[in-house]
6 protein chains.
Amino acid sequence: MKVFCGTANRALGEEVAAELGFPLGRVTIRRFEDGEIYARFEESVRGVDAFIIQPTCPPVNENLMELLVMVDALTRASAGRITAVMPYYGYARQDKKHSPRAPITGRLVADLLQAAGVHRVLALDLDADQIEGFFQIPVDHLRALSLFAEYLSGKDLSDAVIVAPDDGAVKPAYQLAERLHLPLAVVFKRAQPYGGGMLTQVVGEVAGRVPVLIDRIVDTPDRMCSALDAIREQGARPEAFVCATHGVLVEGTVDALCRDDVREILLTNSIPIPPEKCRDQVTVLSSAPLLARAMRNVHLNESVSTLFG
Amino acid sequence: MKVFCGTANRALGEEVAAELGFPLGRVTIRRFEDGEIYARFEESVRGVDAFIIQPTCPPVNENLMELLVMVDALTRASAGRITAVMPYYGYARQDKKHSPRAPITGRLVADLLQAAGVHRVLALDLDADQIEGFFQIPVDHLRALSLFAEYLSGKDLSDAVIVAPDDGAVKPAYQLAERLHLPLAVVFKRAQPYGGGMLTQVVGEVAGRVPVLIDRIVDTPDRMCSALDAIREQGARPEAFVCATHGVLVEGTVDALCRDDVREILLTNSIPIPPEKCRDQVTVLSSAPLLARAMRNVHLNESVSTLFG
Amino acid sequence: MKVFCGTANRALGEEVAAELGFPLGRVTIRRFEDGEIYARFEESVRGVDAFIIQPTCPPVNENLMELLVMVDALTRASAGRITAVMPYYGYARQDKKHSPRAPITGRLVADLLQAAGVHRVLALDLDADQIEGFFQIPVDHLRALSLFAEYLSGKDLSDAVIVAPDDGAVKPAYQLAERLHLPLAVVFKRAQPYGGGMLTQVVGEVAGRVPVLIDRIVDTPDRMCSALDAIREQGARPEAFVCATHGVLVEGTVDALCRDDVREILLTNSIPIPPEKCRDQVTVLSSAPLLARAMRNVHLNESVSTLFG
Amino acid sequence: MKVFCGTANRALGEEVAAELGFPLGRVTIRRFEDGEIYARFEESVRGVDAFIIQPTCPPVNENLMELLVMVDALTRASAGRITAVMPYYGYARQDKKHSPRAPITGRLVADLLQAAGVHRVLALDLDADQIEGFFQIPVDHLRALSLFAEYLSGKDLSDAVIVAPDDGAVKPAYQLAERLHLPLAVVFKRAQPYGGGMLTQVVGEVAGRVPVLIDRIVDTPDRMCSALDAIREQGARPEAFVCATHGVLVEGTVDALCRDDVREILLTNSIPIPPEKCRDQVTVLSSAPLLARAMRNVHLNESVSTLFG
Amino acid sequence: MKVFCGTANRALGEEVAAELGFPLGRVTIRRFEDGEIYARFEESVRGVDAFIIQPTCPPVNENLMELLVMVDALTRASAGRITAVMPYYGYARQDKKHSPRAPITGRLVADLLQAAGVHRVLALDLDADQIEGFFQIPVDHLRALSLFAEYLSGKDLSDAVIVAPDDGAVKPAYQLAERLHLPLAVVFKRAQPYGGGMLTQVVGEVAGRVPVLIDRIVDTPDRMCSALDAIREQGARPEAFVCATHGVLVEGTVDALCRDDVREILLTNSIPIPPEKCRDQVTVLSSAPLLARAMRNVHLNESVSTLFG
Amino acid sequence: MKVFCGTANRALGEEVAAELGFPLGRVTIRRFEDGEIYARFEESVRGVDAFIIQPTCPPVNENLMELLVMVDALTRASAGRITAVMPYYGYARQDKKHSPRAPITGRLVADLLQAAGVHRVLALDLDADQIEGFFQIPVDHLRALSLFAEYLSGKDLSDAVIVAPDDGAVKPAYQLAERLHLPLAVVFKRAQPYGGGMLTQVVGEVAGRVPVLIDRIVDTPDRMCSALDAIREQGARPEAFVCATHGVLVEGTVDALCRDDVREILLTNSIPIPPEKCRDQVTVLSSAPLLARAMRNVHLNESVSTLFG
């Protein structure tokens, strides 16, 4: 078993290696002056159970191509088995044709990975479970739920309510509510027919409660902020926790989320959070222990599902 | 262009052929005494643009295998292009792993069709749009929405409301509402945490209105009936229309749906509705014109999406 | 090594497991109300050398699909190697085009199994050896000959003759004759040209001898019965043994075979023989020890061919 | 439509082209001094419906590789469709494992042709019909039966009998008998158990009749000669016709077949018969018209099966 | 036939369309805020012979991914045939393993294109001819030679010499010399063994002659400049023409090439040359007519090789 | 680990086995009278790490087909991993299209090997490094350089110069020079434009030195002899060493190379050198130790690249 790391999230790779108790495998990755990627493994990988840690976060195309190039080199160097550890799977939201003559890029990425020679994928909180079905190879699909549950259980949440900021987030919200024995609320938002504006509706009781919003991805602030507005109107307390597994965080998002009525923003390190985005309100939970345990079990052919409930 | 029909829905095939203005191609399909399927095409298919109409409705495995056998025979007989016309796609709900070590049979079926030699699929109201991404071949995905819209526009619906009986049905309900310029309501139903029973909630105004419930599939009556109960409690008028593209209708379902507060049950003929289920309240709309137009356009390389907007 | 069993022949699976000395792996297989199959493995199969025992006997399409669904679930659950143990291979007789524009379903089934993810097949007395060539994966092809030879060697056969009821059965008959040091006779039956009726001819001496008829499959009684008639006319003793590996036995077959001139009907349990067909004259030999030894050797990478002559 | 010809049977290629009414396409095929094959097409094949006539007769490996090299060149030169016209399919008798750890080379050849880029195969009298099932691409399987039937119908055969020299030849013998309204006889030959020598048996009446022996391949003289001996003993007239589609004719075979009791040896030109083997008794029937008609129909997408029923 | 254009070289696409006499097909390409690419074709492509013009020049990974996404959308929208027109093929120099455990990215890119659904590739001056062999699909490989030959033939070159700046450039230099009836010189440069510095040697007569240097790619100025130095020392006239098909031109390259002894730098527009690099000395020759003629011939199934010598 | 050997170079196989310390695996290979190849493995190969030693030297097509047949048999007999050890890779020089509508047979051979089931290739001094990129499977590419270096280091080469007889041989010549700390010379030979004859030019100092010429293949004597002539003219000493990894040696080549000015011809046994070609001047170096070490390391998953520098 050897673990390699691309350049997308080197810090996470180091942490995972530390958890596993051995150093990252040596690989040289560089870009030629014209931007072409080059990778060379500096130690034998012959017959090895190789893992590459590489979330395909922005810059998504660079990170994806880097992963593919590394996989090609491993294949040609006779690696025994190649697992792409993708804590963030770019293009996951392109999982269906949003209009005629559009691509399904989430499937395309699956095909590219398999064409390059990947034998299995280890993913974290995919945007849609159907993405597993885009692959012919096994996908181990981990959930960050336990990270948030554990962290939050150290807080006083006697009066809290778990809030799904959108109907697409009902599933993780429901699971967190169950785990923490807390009630659930959902914010629905839909365009009204014939240009009637947006209809926002809060289902469930939030008045006087500490809201804990949870979603899989935060890229722009819109969804979270309008949910915060809606529950605020319904009387929720201005001490919200905002949780999301993947902090894509395009320009301006952190600023917008650091509102007065938000007490803490919880993210994981599936995507590197640069220092300038690590405001006081932001807490980054590490997915490294989770990934490391899963990788070890994959290597030892022990159950992954039983580990993480 | 030749159109063939398996045994799953012969009546639909005949209707489609009538729409197209030429007879169904001749094919002999029989079962040996041990249940093995045999198919033989009785006219040359060499270089032909061949369509096989075969919904994989119950008995799903028989109908699927029959389709695969026909495709194999067409391939070996040098058909030019083979389109599987599947007005109902069995196993569509098995589109993700519902638990660890479960199959994704919706994807498996896609693989089987492609292994047998299918070049394209023409489907109607798939249960999840991601199923298109399970295929590497093109999928033309038709919508039955216009059938319902057209039929209902002949009724007096001045006071009606479109109702999604479940959050999984929000999408077709929303589209129908938009098409008919009617308001929308949604019935949410979720298990409460820690065995707290089911929470049913109606979002949107239904009191005093004629409810039009719409979903993609009706197999058992549970979902529709509990939605009917819920809106009834909220004061909806007892003259509901219940619409579903695919009438899988397991034993007892029609009985349960023919309630006093249901005025009409609208289904399409994607799946054959046997006479004993064709009660007075049941209206079967034909998908044949829709399928025929799509097939003709596929054959002529004309746009399918523009036709059915 | 873990052994799982579909629903096609659960009793055989239990027997094989008993021979191997460990219990069958736990798997839940059920059918939804609409007939769709669902399978979930209840224990980890990660990296396991997995065997699925599933003859594709009638209902052939149900059993085949069940096998494919189980294979898909195993693949996605990261099984190390998947062997389909198919004591009976349905559609084996569809091994060539019987007429223009017909399928070669025996090949199609091979493609479907490989598309689903099967790595090897363990078969028993395939109807044509060429079926091995339909696969790209290895096929271990076992012979039930030793079962019949062993059982019959406990009988007084000093005066017996091995009879091939048809020219298609010459090969197993010849092998049994060689094994038991008995003479051979063959019944030929062919349609005469220009509607001249059937020509039945017995080659070899049968007068005054105990006939032992052997074939691979008995589905309808016709072939065996007309062979019995033919040798009876030639003076064979009315104490025939009728042997067949696979008792497909469509309605009425057992009745027809239980003639006065038949002393015993020998079948294997490759296909479950329901109680009502287990007449006094019927003896079912278990293929479980043979299958178990082959499976163990496959698992241990020991020779299968040397084991079974 | 363009027709090219390898070096295996250039004369046949020329004849086919003459039948079709246009010249063979220009292709340069040569061998370097070290034996490597080189092929270059001397005219554009872009989008063309290309046929390559190349029986894989001895030297089988040279002819097969030449065919594969030509196919590769056609593929890379953007041919629209590539049909391998193989009047003789080498390795057809390797259609099953004759012993453990043996190859199934008939299937291997199918895989090689498909790997090189062949889209369809046109074959003549394959040794086993199952070979069609070794391909995923369409195989048009022609029969030389009509050639023999036509030629023989010009002879006085009022007193003749069609003889299958072996049980493997029953099928073509039966079909010829039916076509010519003649009776049928079969020579069976099997090793007796326990070293008891060969058992040869003639089924059917041959005494006083002109025998017409027919088989698919004649490579060594053994089978035909021992059949001739056997029917001679049964009183057949010493004026036999010996027919075989494929005259592989290893060293000494023609000598051995030119016996006093053989009147005429009928072969087709699927394999080139060199002048020194064209004895007075040998008649070579041309398969060119048959092949040409089939190729034209393939090109025009007209039925092939109806033509040659 | 429809021609689409990615964002890599829109100007070239427009020029090609103008040559062909019809407008570019409409396609919307955009990047989401997180950098993910989205493409949607705005007109029907069903059955169309589609061409996508997209050199994979820097930013190479962005341009490659954009091409793959467009191909996926075309495939799913039922395009009849998809040709990737890649005037510049990124990663072409990664055509072998430069050290152990390195990738062969030139082959990987070929696999990715084929996995996405490309049917053929149209390339211009690939860095190694073997790259054609990395594809299973046809590659039409155009040469820019005629562009340079034509342009230069308008100059007074009575006293010129064609110079290969490196042994890797001998082939295009030789061909240009032959075309223009000019002598040839080659600059060799090799590292001396044991750290002996570089050995630069000019083979052929350059003294007093106008040098015309030609290569396939200019990315950094080193190779050209040291060749210019070497021939200058040998007495070449300070009026050099410097030709290269692909102007990758990393930062500082144009500056370095615009020397006093260089009269003109000839590039093609395979890669867009930004205005700030278009110095007075730089002439950009359009490859659009060449590409347009090749595309038309590909579409019409006319020979491409005959067109361009 | 079991090592098998085809008939192409049985002596080499025996030597490799001796190096490895265990006998060659038993396999029967024969040719039927019609030239078809048959192979049967005489010992179990189930799960075995199998190596087949078979250079595809002349007769190249026979040797290639024999290799493919052996691979098919191994695959069907459940070998665990199959490595084709090809000390000489026939068709390596067909690595690009030498003219329009020509094949790329070097790639075709790669496809055929993979279609038959080869998992990895072990090659020696391929004619072009790009051939590795023709495979999707790993290729271990050994170099014979050390054999020549070791042998020559036992000679007095104080005054020698390494000579590349052609620009295609610069790479091995350069590496040998570096290894032996000797100077380098290159003989360039190019056709002059417009029929101006051949231009031969020697770059580097050869006068008074012992020349050591090195190339990968010697098939015809032309290249070596004209290089010898050229350096002779420049004053090289008439005591040349001529080295080549692969002695293809077509008729007359050895005669032509055994010139007075050649002291010794060094070849490896990658291709069997028949006794009549083993003149006194010819020394055959064994590649067996090199191959054996590589095979052992491949089997043990130890680095191959580090072993051989």
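Within every chain, numbering begins at 1; the chains are lettered A, B, ... in the order of the sequence lines, protein sequences first and strands thereafter. As the structure is a prediction and not an experimental result, all values here were calculated from the model.
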Would R101(D) and L74(F) count as a side-chain contact (heavy atoms from CB on, under 4.5 Å) here? Give the steps. CA-CA 7 Å; R101(D) 294 172 238 108; L74(F) 279 181; over 6 Å; no
message: Quick one, R107(F) with R76(D), criterion side-chain contact (heavy atoms from CB on, under 4.5 Å). Give me CA distance, side-chain angles, the key distance, then yes/no.
response: CA-CA 11 Å; R107(F) 165 72 195 251; R76(D) 296 190 178 281; 3.3 Å; yes
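In this structure, chain F has heavy atoms under 4.5 Å from both the backbone and the side chain of I104(D). Within the 4.5 angstrom heavy-atom criterion, only side-chain atoms of L64(F), from C-beta onward, approach chain D. Of the atoms belonging to V250(D), it is side-chain heavy atoms, and not backbone ones, that fall under 4.5 Å from chain F. Only the side chain of T220(F) comes within less than 4.5 Å of a heavy atom in chain D; its backbone stays farther off. With a threshold of 4.5 angstrom between heavy atoms, P100(D) approaches chain F through N, CA, C or O but not through any side-chain atom. Heavy atoms of R46(F) lying under 4.5 Å from chain D are absent altogether. In this structure, the portion of Q94(D) lying under 4.5 Å from any heavy atom of chain F is its side chain and not its backbone. If you measure heavy-atom distances from V109(F) to chain D, the contacts under 4.5 Å come from the side chain alone.
In this structure, K97(F) does not pair ionically with D72(D), as no charged nitrogen and carboxylate oxygen lie closer than 4.0 Å.
Pairing each heavy atom of A73(F) with each of A102(D), the nearest pair is CB-C, 3.8 Å. For G35(D) against N61(F), the heavy-atom pair with the smallest separation is O-ND2, 3.8 Å.
With chain F as partner, the option from A116(D), P103(D), S78(D) having the largest number of non-hydrogen pairs under 4.5 angstrom is P103(D). Comparing S44(F), A79(F), C57(F), G90(F) by heavy-atom pairs within less than 4.5 Å of chain D, the highest count is held by S44(F). For chain F, the option among V60(D), L112(D), D111(D) with the highest count of heavy-atom pairs below 4.5 Å is L112(D). Chosen from T28(D), D219(D), V69(D), V248(D), the residue pairing most often with chain F at heavy-atom distances under 4.5 Å is V69(D).
Heavy atoms of other residues, nucleotides or ligands lying less than 6.0 angstrom from CD of E251(F) number 12 at most.
Chain D is approached within less than 4.5 Å, heavy atom to heavy atom, by E36(F), I37(F), Y38(F), A39(F), R40(F), F41(F), E42(F), E43(F) from residues 36-43 of chain F, ordered by number. For residues 122-137 of chain F, heavy-atom neighbours of chain D at less than 4.5 Å comprise no residues at all.
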